[in-house]
Amino acid sequence: MANVLAVLEQRGGALKSVSHEALTAARSIADGLGGEAHALVVGPAGTSGGGLGEYGADKVYLATDDALKLYQGDQYAQLAADRVNGGDYEAVILPATALGKDLGPRLAAKLGCPLVADAISVAYEGGIVVSRPVYAGKAIYTLKITAAPSVICIRPSAVTPAPATRDGTVEEIAASSQAGKAKPATTVEVKQPERAAVDVAEASVVVSGGRGLKEAENFKLIEELAEAMGAAVGASRAVVDAGWRPHAEQVGQTGKTVSPNLYFAIGISGAIQHLAGIRTAKVIVAINRDRDAPIFKVADYGIVGDLFEVTPKLTEEVKKMLEG
Ligand SMILES: Cc1cc2nc3c(=O)[nH]c(=O)nc-3n(C[C@H](O)[C@H](O)[C@H](O)COP(=O)(O)OP(=O)(O)OC[C@H]3O[C@@H](n4cnc5c(N)ncnc54)[C@H](O)[C@@H]3O)c2cc1C
């Protein structure tokens with residue numbers, strides 16, 4: 001019997017939503033293989049592995065120790081590698097978040113197995129079939145994995161978490177061997193952004209602004225629309241380079257890749273490097289005064305107009321709609 005392991009992600013002991021996405025992907029492959037979906041949760045004392053049966057976990061392995069409160073690459077990778085070596089696993093699924101992008105390659109190196117980074121879909125079709133964007137998102141590459149095990153990092157929001165009731169039996173495993181180990185590198189602190197912002201890479205709605213806003217202060221138009229919609233604020237590189245917005249908000253080839261249900265590009269031309277980050281957005285809305293702007297080639301809905309007139313009206317209408 002071949003199983004699939006989902007390595008989950010927590011912050012301060014609470015599981016992040018990407019964990020349910022990774023588990024849903026693991027469940028669907030396990031169903032194809034006729035095996036089990038297992039989850040591995042590493043975190044500080046008090047981290048719960050309960051409730052994961054609702055997302056298809058047959059078994060949850062929980063490794064807790066306060067020394068593992070912050071992500072420690074080598075220890076997390078060793079705990080995951082030990083679990084994979086202790087079971088019969090066909091694949092390991094991780095979210096392609098900042099943590100997963102660091103952990104996935106470490107784990108694949110420890111296991112001496114292939115890694116698929118930044119997958120946008122994963123399915124079982126007589127074998128594990130994965131697709132991922134290549135050439136800055138200009139093409140989608142589909143591959144069938146023949147090696148076992150393999151490590152697959154899947155983009156946040158690429159999979160919709162689906163309920164699938166299983167036992168979700170929790171088994172505590174020793175984290176102490178890794179927690180006390182000398183480390184080649186240590187995470188000593190994680191600095192939170194000043195504002196408790198929604199992470200642009202994980203948000204289901206993103207409102208992004210570009211150089212068309214003319215100056216940093218005008219970004220309040222973007223913030224107001226984002227707040228009305230409960231969305232994350234994103235930015236083009238032009239405005240990040242200008243110092244108007246933090247790099248954490250940059251969307252694109254050298255920023256974050258996003259897969260929201262709804263993406264607003266406001267005053268953004270749609271350069272290929274920006275488009276590389278939004279290929280898997282489900283619906284794209286563009287506001288630009290230049291009807292020939294490249295963003296309109298990928299937009300599902302386009303508004304040709306002055307963003308300074310259109311954006312406040314849109315915010316007003318969204319507020320009315322949500323209040324009514
Ligand atoms: C190696 C490399 C990596 C890169 N990585 C990234 C990346 O990760 N992300 C990224 O975004 N870029 C990236 N870039 C930069 C990219 O090429 C563009 O320069 C950048 O995306 C342009 O940002 P922008 O669309 O905000 O600005 P502009 O291209 O200047 O576009 C501004 C737009 O606003 C519109 N506009 C102006 N005024 C108004 C108004 N009043 N109302 C409505 N519309 C208006 C204009 O018509 C225009 O289309 C990268 C470039 C390189 C070379």
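Remember, it's 1-based here, ligands and their atoms both numbered in the order they're listed.
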Report yes or no: do Tyr124 and Ser28 form a side-chain donor-acceptor pair below 3.5 Å? no

Quick check on Lys69: does its NZ atom have over 12 non-hydrogen neighbours (other residues, nucleotides or ligands) under 6.0 Å away? no

State the atoms of ligand 1, each with its element, that fall below the 4.0 Å cut-off from a heavy-atom position in Gly255. 8 (O)

Going by the order shown, which atoms of ligand 1 are within less than 4.0 Å of some heavy atom of Phe308? 41 (N)

With atoms numbered from 1 as shown, which atoms in ligand 1 lie under 4.0 angstrom from a non-hydrogen atom of Ser236? 11 (O), 23 (O), 24 (P), 26 (O)

Using a 4.0 Å cutoff against the non-hydrogen atoms of Gly252, which atoms of ligand 1 qualify? 7 (C), 8 (O), 9 (N)

Numbering as shown, the atoms of ligand 1 that approach Gly305 to under 4.0 Å (heavy-atom distance): 42 (N), 43 (C)

To the nearest 0.5 Å, what is the distance between OG on Ser269 and CD1 on Ile295? 7.5 Å

Quick one: nearest non-hydrogen protein atom to atom 44 (N) of ligand 1, plus distance? Arg289 N, 3.1 Å

Tell me, please: is Val239 in heavy-atom contact with ligand 1, that is, under 4.0 Å? no

Ligand 1 and Val251, any nitrogen or oxygen pair closer than 3.5 angstrom? yes

Step by step, would you call Glu21 with Ser17 a side-chain hydrogen bond (donor to acceptor under 3.5 Å, both in side chains)? CA-CA 7 Å; Glu21 297 169 17; Ser17 59; 4.6 Å; no

Any N or O on Gly267 sitting closer than 3.5 Å to an N or O of ligand 1? yes

Identity of the nearest option to atom 52 (C) of ligand 1, non-hydrogen atoms only, from Lys256, Gln250, Gln273, Gln253: Gln273

Can you find a side-chain donor-acceptor pair between His247 and Glu249 that sits under 3.5 Å? no

Taking atom CD of Glu224 as the centre, does the number of heavy atoms from other residues, nucleotides or ligands within less than 6.0 Å exceed 12? yes

In this structure, does ligand 1 have an atom that sits under 4.0 Å from one of the heavy atoms of Gly209? no

Asp102 versus Tyr71, side-chain donor and acceptor atoms under 3.5 Å: yes

Could you check whether Gln78 and Asp74, counting side-chain N and O atoms only, form a donor-acceptor pair closer than 3.5 Å? no

Atoms of ligand 1 close to Gly212 [distance to a heavy atom under 4.0 angstrom, numbered from 1]: 32 (C), 34 (O), 36 (N), 37 (C), 38 (N), 39 (C)

Please work out, at 4.0 Å between heavy atoms, whether the side chain, the backbone, both, or neither of Ala271 comes within that distance of ligand 1. side chain

Under 4.0 Å to a heavy atom of Asp290 - the qualifying atoms of ligand 1, by number: 47 (O)

Flag this pair as yes if the NZ/CZ of Arg83 is under 6.0 angstrom from the six-membered ring centre of Tyr61 and inside a 45 degree cone about the axis; otherwise no. yes

Starting from atom 22 (C) of ligand 1, which protein heavy atom do you reach first, and at what distance in Å? Ala238 CB, 3.9 Å

Is there a protein heavy atom at a distance of less than 4.0 Å from atom 36 (N) of ligand 1? yes

With distance as the sole criterion, is a donor-acceptor pair present between the side chains of Ser121 and Ser131 under 3.5 Å? yes

Under 4.0 Å from a heavy atom of Gly210: give me the atoms of ligand 1 that qualify, with their elements. 26 (O)

